[in-house]
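Worksheet: the structure to be examined is printed underneath.
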Amino acid sequence: MKITDFALVFIAIILPFMLVLYINITFTIKAEEMEMYYQRVIDAALEDAAYEMKQVESQDKQIDYGYSDLTNKKINVNAKVGVDSFFDSMYNVLGVKGNEVAESYLNLFVPAVAVVEYDGVRISKNETVTAEDATSSVKRILKPKRYFTYTYSIIRSGGEYKFVPGLETSNLVSSHTIEFTMDSKVTHRGYNYIYDEEIQAESFYLEDEKNNGELIAGVLDSEAKQTLKSEIVSGLLDNRTSVISNVVSSELSYAVNENNLYARQAGVVYSFSFPATTEDEMYNMIDGVGIIAFVQGISVGNKYLNTKAFGTSTLENATRYYFTAPSNDSQIHMNLYHKDIKCPEYRLCKILDMSPRYVSSRQQAATAITTGTLNGVKQTFTGFYPCPICNP
């Protein structure tokens, strides 16, 4: 056999493999390009939604004494506007705006959208809706808010008071329900079994000693009160993020899994499931008011799109001007206002019960009248000057 014959045989054997490899590489490149395209569309739609749904930064009717620190996460949002903006943006970019059939079909590939608010989460998902004429259809529904709820009990065992997560049934002193927010503010309610009475709902910051006494309702031992309250406050602060994460995850997971029913009815063969999300990823997604979307099952080349994305709605941190009065160790013998609580002069001279603790403008700071305890004496302070160190 001639050398050319061997070459032809070799080419005949290798060529199919090369063609298959070329096709696979081409499909992979196209799939990656399409996946990147859809990811850009989703990210842009979420940015639009996060911007549109944001309304205003809430101002507490009562002074929060600075417990929310420098970052104010109390942002009011319009969840419906956010969800509508997300889908409108996607419909426009993908060219299906106004085509009800195409919009409804695309909806099936977005099994869940979550609007994470300051004090709860609202889920947008597909659901069967029955009209007045008894006909039913699948529509996207924005569900009522699910609050970030946590329960605990105080029991007395062996003469000692104990803080127990969850609801106990024996040795109960009191039971408590906490609704967390994006900062340390909570809404608290419960039941005091010692006095057989409801604990009325009240909102306060966990660290606020003036208002957080009901956290230990039913505890009669004065020596145990402060220790137990410190344990409860610390435990609640430690659990806040995981509680919020679990609530958001469970709501999203239910919506994503339920979407399989509607997708199968429409002939979609893809199996929707809550995507693997690390703890850090979820914590990043719930670090503030925002919107989360899961998009799955869209064919991209030789695979299916399975992506999660989130957009956060934040305001510029409002500048706060904090008050101090000169301490015995200070060399600046004036009442001051500061723009940074890390300022060494603020740390040296801060008064824990200063009220109000801060204001939001220099003009307010200069003319403020505050009260606080200095050298063991309750005093009134007027006439504040800008700190020469942090230069507000």
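- In this model, no donor atom of one side chain and acceptor atom of the other lie less than 3.5 Å apart for S153 and S175.
- Summarising the geometry, atom CZ belonging to F148 is positioned 7.5 Å from atom CG belonging to D119; distances are rounded to the nearest 0.5 Å.
- You'll find the ring centres of F323 and F381 outside the 6.0 Å limit.
- Taking all atoms of both residues into account, the shortest heavy-atom contact from F86 to A293 is CZ-CB, 3.7 Å.
- Shortest non-hydrogen contact noted between L108 and N126 is CA-ND2, 3.9 Å.
- One distance of note links NE2 of H176 with CZ of R189; it measures 13.0 Å at 0.5 Å rounding.
- Linking Ile, Leu, Val, Met, Phe, Trp and Tyr residues whenever their side-chain heavy atoms come within less than 4.5 Å places Y105 and I298 in a single cluster.
- If you chain together hydrophobic residues whose side chains sit under 4.5 Å apart, Y161 and V164 never meet in one group.
- Shown here is K80, whose NZ atom has no more than 12 heavy atoms of other residues, nucleotides or ligands within 6.0 Å.
- Put simply, the side chain of V247 does not reach to within 4.5 Å of the side chain of Y147, judged on heavy atoms.
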Between T151 and T177, does a side-chain hydrogen bond (donor to acceptor under 3.5 Å, both in side chains) hold up when you go through it step by step? CA-CA 4 Å; T151 59; T177 299; over 6 Å; no
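- Although no hydrogens or angles enter the test, the distance criterion places a donor-acceptor pair under 3.5 Å between the side chain of S174 and the main chain of A217.
- Side-chain atoms of N107 and K139, non-hydrogen and from C-beta on, never get closer than 4.5 Å to each other.
- Between G372 and I351, the shortest heavy-atom contact is CA-CG2, 4.1 Å.
- From K210, atom NZ reaches atom OH of Y205 across 14.5 Å, with rounding to the nearest 0.5 Å.
- The aromatic rings of Y150 and F180 sit tilted relative to each other, their planes meeting at an angle between 30° and 60°.
- No more than 12 heavy-atom neighbours from other residues, nucleotides or ligands sit within 6.0 angstrom of NZ on K162.
- Within the 3.5 Å criterion, the main-chain N or O of T241 finds no donor-acceptor partner in the side chain of S245.
- The hydrophobic clustering, which links ILVMFWY residues whose side-chain heavy atoms are closer than 4.5 Å, places Y195 and V173 together.
- Residues I155 and L236 do not share a hydrophobic cluster, clusters being chains of Ile/Leu/Val/Met/Phe/Trp/Tyr side chains in contact below 4.5 Å.
- Atom CD of E127 sits about 11.5 Å away from atom CG of N259, to the nearest 0.5 Å.
- Between P386 and R362, every side-chain heavy-atom pair lies at or beyond the 4.5 Å cut-off.
- Between the side chain of S250 and the backbone N or O of N246, at least one donor-acceptor pair lies under 3.5 Å.
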- Query: How far apart are the C-alpha atoms of Y91 and N99, what are their side-chain angles, what is the distance that settles it, and do they pass the side-chain hydrogen bond (donor to acceptor under 3.5 Å, both in side chains) test?
  - Reply: CA-CA 9 Å; Y91 295 156; N99 185 331; over 6 Å; no
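- Between Y346 and H338, the ring planes are perpendicular. Angles over 60° get that label, and only those under 30° would be called parallel.
- Residues N239 and I178 fail the side-chain proximity criterion, which asks for heavy atoms closer than 4.5 Å.
- Side-chain contact between K185 and Y118 is present, with at least one heavy-atom pair separated by less than 4.5 Å.
- Residues E345 and C387 share a closest heavy-atom pair of CB-SG, 4.2 Å.
- A distance of 4.0 Å separates CG of L142 from CZ of R122, quoted to the nearest 0.5 Å.
- With contacts defined as side-chain heavy-atom distances shorter than 4.5 Å, the pair N335/P326 qualifies.
- Residues that satisfy the side-chain contact (heavy atoms from CB on, under 4.5 Å) test with N260, not counting sequence neighbours, are R264, S271, F272.
- Residues V186 and R240 fail the side-chain proximity criterion, which asks for heavy atoms closer than 4.5 Å.
- The same ILVMFWY cluster, assembled from side-chain heavy atoms under 4.5 Å apart, contains both L261 and V110.
- The OH atom of Y322 lies 15.5 Å from the OH atom of Y337; values are rounded to the nearest 0.5 Å.
- Considering only heavy atoms from C-beta on, L237 comes within 4.5 Å of S184 through its side chain.
- Not less than 6.0 angstrom separates the ring centroid of F109 from the ring centroid of Y270.
- Across E207 and N212, no two heavy atoms sit closer than the pair C-ND2, 4.0 Å.
- Side-chain atoms of S85 come within 3.5 Å of backbone N or O of V81 as a donor-acceptor pair.
- A tilted orientation is assigned to the rings of H188 and F204, their planes being inclined by 30° to 60°.
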Working note: S327 + D329, criterion side-chain hydrogen bond (donor to acceptor under 3.5 Å, both in side chains); need CA distance, chi angles, decisive distance, verdict.
CA-CA 5 Å; S327 69; D329 299 323; 4.9 Å; no
**Item:** E251 vs K143, salt bridge (charged side-chain N to carboxylate O under 4.0 Å, His left out): CA-CA, chis, key distance, verdict
**Value:** CA-CA 10 Å; E251 292 293 298; K143 304 298 289 182; over 6 Å; no
